[in-house]
Amino acid sequence: MKFYKPLFSIIVILIQLILSIKEYFKLQEWKKANPELDSLINLNITYDLLFLFVFLIGIYEMLTKPNWLKIVIRIFLVCIILGTEFSDFIPIDQFYYDVYNAAWFSAVITVVLILIRIGKYSFERRINNKKLNKASR
């Protein structure tokens, strides 16, 4: 398998990693400031999985040949990052979780597509190896 122009995806993944680390430290500061609430409140922490989703979609974008699908995936990655970062300014109720759920769904589809691509790649290699073995006899 070959990576096609991975610089954009690497930058997007690093940006999401930085934003996730920032959210982690913000949560740790909140826990230090409110230790009595920490045990009472069940926090819905999404920054770690959001990074994983962006990472998976970014890997698939790197594996995609340059065409219209690669452009759509890049736009979607940017929308995920901007949507989660600026969700407080958008007047839609629970917009952050809407973007999060879209990223989750896309990551599941991406895992399936990556597994199909890996299976196709290994199947083609197996067929080529059998052809080479027959030709060498």
Practice prompt. Nearest 0.5 Å please: distance from the NZ atom of K65 over to the NZ atom of K5.
Written response: 13.5 Å
Practice prompt. Indicate the atoms forming the closest heavy-atom contact of F76 with A102, along with that distance.
Written response: CZ-O, 3.9 Å
Fill in: Value rounded to 0.5 Å, distance of OG1 in T64 from CZ in R74
10.0 Å
Worksheet entry | Where I81 and Q16 come nearest, the two heavy atoms and their spacing | CG1-OE1, 3.5 Å
Worksheet item: If Ile, Leu, Val, Met, Phe, Trp and Tyr residues are connected whenever their side-chain heavy atoms lie under 4.5 Å apart, and connections chain through other members, are Y100 and I75 in the same group?
Response: no
Discussion item. Ignoring hydrogens, what is the shortest heavy-atom contact between T46 and Y96? Give both atom names and the distance.
Written reply: OG1-OH, 2.6 Å
Item to complete: Identify whether I18 and F25 are in the same connected component of the hydrophobic contact network (ILVMFWY, side-chain heavy atoms under 4.5 Å).
Response: no
Worksheet item: Distance-only, no hydrogens or angles: does the D48 side chain make a donor-acceptor pair with backbone N or O of F51 under 3.5 Å?
Response: no
Practice prompt. Tell me whether Y4 is reachable from I57 by hopping between hydrophobic residues (I, L, V, M, F, W, Y) whose side-chain heavy atoms are closer than 4.5 Å.
Written response: no
Item to complete: Find the distance between CG (L113) and OH (Y60) and round it off to the nearest 0.5 Å.
Response: 4.5 Å
Worksheet item: Out of curiosity, does I13 fall in the hydrophobic cluster containing I71 (side-chain heavy atoms, cut-off under 4.5 Å, transitive links)?
Response: no
Worksheet item: Rounded to the nearest 0.5 Å, what separation is found between the CG atom of L17 and the CG atom of L50?
Response: 11.5 Å
Discussion item. Less than 4.5 Å apart, side chain to side chain, heavy atoms only: is that true for L63 and Y121?
Written reply: no
Worksheet item: Going only through I, L, V, M, F, W and Y residues with side-chain contacts under 4.5 Å, is there a path from L7 to I59?
Response: yes
Worksheet entry | Side-chain (S87) to main-chain (F95) donor-acceptor, under 3.5 angstrom | no
Discussion item. Whether E23 and K26 form a salt bridge (side-chain N of Lys/Arg under 4.0 Å from carboxylate O of Asp/Glu) is what I want to check.
Written reply: yes
Worksheet item: Which of these passes side-chain contact (heavy atoms from CB on, under 4.5 Å) with F8: V12, I11, I10?
Response: V12
Response to the item:
Output for pair (E29 CD, N34 CG), nearest 0.5 Å, gives 11.5 Å
Fill in: Test side-chain contact (heavy atoms from CB on, under 4.5 Å) applied to L52 and L49, step by step
CA-CA 5 Å; L52 180 65; L49 287 175; 4.3 Å; yes
Worksheet item: Could you state the interatomic distance from CD (E85) to CG (L19), rounded to the nearest 0.5 Å?
Response: 4.5 Å
Worksheet entry | Nearest heavy-atom neighbours spanning A103 and I80 | CB-CD1, 3.8 Å
